[in-house]
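Below: one structure, written as structure tokens.
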Amino acid sequence: QAHLVESGGGLVQAGGSLRLSCAVSGRTFSWYAMGWFRQAPGKEREFVAAISRNGDDTYYQDSVKGRFTISRDNAKNTVYLEMNSLKPEDTAVYSCVAEHTVMIPTTAPEYTYWGQGTQVTVSS
């Protein structure tokens with residue numbers, strides 16, 4: 001079992017920045033593709049970003065391209081989501097995900113391990 005714990009959420013004004021972190025324990029971190037999903041109140045959960053096991057490849061939802069950056073530090077068993085130029089529509093609970101695969105999944109059913117989530121609120 002992989003255990004994922006997110007941190008770094010909070011309240012920020014539009015145009016501001018936040019950095020989310022997700023610490024992983026219980027398994028060999030470098031075996032796992034990692035990602036972030038988010039869910040806003042009354043909306044379906046949506047893919048935000050994903051990164052390959054070695055960090056060489058990344059994927060992003062179109063609405064966050066150029067504003068968000070996913071990265072990982074395999075020595076620290078941690079994945080990050082740097083969020084810049086935040087907008088009110090970015091407000092959601094952000095969840096870290098992990099899957100033992102060489103692929104880079106972008107849909108929720110493809111991920112086995114999920115964190116509890118961290119709230120990000122962007123005020124206008």
Side-chain angles (χ1 to χ4, degrees):
Q1 292 287 339
H3 185 56
L4 287 63
V5 179
E6 302 96 337
S7 61
L11 174 64
V12 63
Q13 289 188 332
S17 299
L18 282 175
R19 187 195 198 199
L20 305 184
S21 299
C22 174
V24 181
S25 60
R27 293 286 186 172
T28 303
F29 182 67
S30 61
W31 291 357
Y32 288 80
M34 301 295 299
W36 291 91
F37 283 75
R38 67 186 182 186
Q39 187 166 21
K43 295 187 177 181
E44 293 188 355
R45 183 169 54 196
E46 63 178 1
F47 169 76
V48 176
I51 188 167
S52 61
R53 299 194 300 185
N54 62 4
D56 286 350
D57 297 299
T58 57
Y59 288 103
Y60 297 93
Q61 182 200 113
D62 285 346
S63 69
V64 307
K65 285 180 181 177
R67 300 188 298 121
F68 291 10
T69 302
I70 188 171
S71 62
R72 65 190 295 161
D73 186 337
N74 284 357
K76 295 183 178 180
N77 290 2
T78 302
V79 64
Y80 305 97
L81 185 67
E82 184 76 35
M83 304 185 294
N84 298 315
S85 301
L86 282 162
K87 305 175 181 179
E89 52 263 44
D90 294 318
T91 295
V93 174
Y94 284 71
S95 297
C96 174
V97 293
E99 182 61 26
H100 184 190
T101 178
V102 298
M103 308 299 288
I104 311 175
T106 60
T107 66
E110 295 178 280
Y111 284 96
T112 301
Y113 301 104
W114 290 71
Q116 291 297 311
T118 186
Q119 177 70 47
V120 171
T121 303
V122 184
S123 63
S124 57

*Looking only at atom types and distance, does a side-chain atom of Tyr60 sit under 3.5 Å from a main-chain N or O of Ile70, one as donor and one as acceptor?*
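Yes; judged by distance alone, with no hydrogens or angles, the pair exists.
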*May I ask you to decide if Val122's main-chain N or O and Thr91's side chain share a donor-acceptor pair within less than 3.5 Å?*
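Side chain of Thr91 to backbone of Val122: a pair is present.
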Could you tell me which non-hydrogen atom of [X] sits nearest to which non-hydrogen atom of [Y], and how far apart they are?
X	Y	result
Pro105	Ala33	CD-CB, 4.0 Å
Thr78	Ser21	CG2-CB, 4.3 Å
Arg38	Tyr94	NH1-OH, 2.9 Å
Ser71	Val79	O-CG2, 3.1 Å
Arg53	Asn74	O-ND2, 3.1 Å
Gly9	Val120	CA-CG2, 4.2 Å

*asked:* Tell me if the aromatic rings of Tyr59 and Phe47 count as close, with their centers under 6.0 Å from one another.
replied: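 Not close enough - the centres of the two rings lie 6.0 Å or further apart.
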Using side-chain heavy atoms (C-beta onward) and a distance below 4.5 Å, is [X] in contact with [Y]?
X	Y	result
Arg19	Tyr80	yes
Met34	Phe29	yes
Leu18	Phe68	no
Gln119	Glu6	no
Leu20	Met83	yes
Glu110	Met103	no

So, taking the atom named [atom1] in [X] and the one named [atom2] in [Y], what distance separates them when rounded to the nearest 0.5 Å?
X	Y	atom1	atom2	result
Trp114	His3	CH2	NE2	16.0 Å
Phe37	Glu44	CZ	CD	12.5 Å
Ser30	Asp73	OG	CG	11.5 Å
Ser63	Glu89	OG	CD	8.0 Å

_side-chain contact (heavy atoms from CB on, under 4.5 Å) between Arg67 and Asp90, worked out_ = CA-CA 11 Å; Arg67 300 188 298 121; Asp90 294 318; 2.7 Å; yes
*Answer yes when Lys65 and Asp62 have at least one side-chain N-carboxylate O distance shorter than 4.0 Å, and no when they do not.*
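Yes.
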*Just checking, any donor-acceptor pair under 3.5 angstrom between side chains of Ser123 and Gln13?*
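No, because no side-chain N or O of Ser123 sits under 3.5 Å from a partner of the opposite role on Gln13.
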*Just one of Ile51, Val64, Val97, Leu81 clears the side-chain contact (heavy atoms from CB on, under 4.5 Å) bar with Trp36, so which one?*
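Exactly one pass, corresponding to Leu81.
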*Can Trp31 be reached from Val24 by stepping across I, L, V, M, F, W or Y side chains whose heavy atoms are under 4.5 Å apart?*
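They do share one cluster, since a chain of ILVMFWY contacts under 4.5 Å joins Val24 to Trp31.
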*Go through Gln1 and Tyr113 one step at a time and tell me if the side-chain contact (heavy atoms from CB on, under 4.5 Å) criterion holds.*
CA-CA 8 Å; Gln1 292 287 339; Tyr113 301 104; 3.3 Å; yes
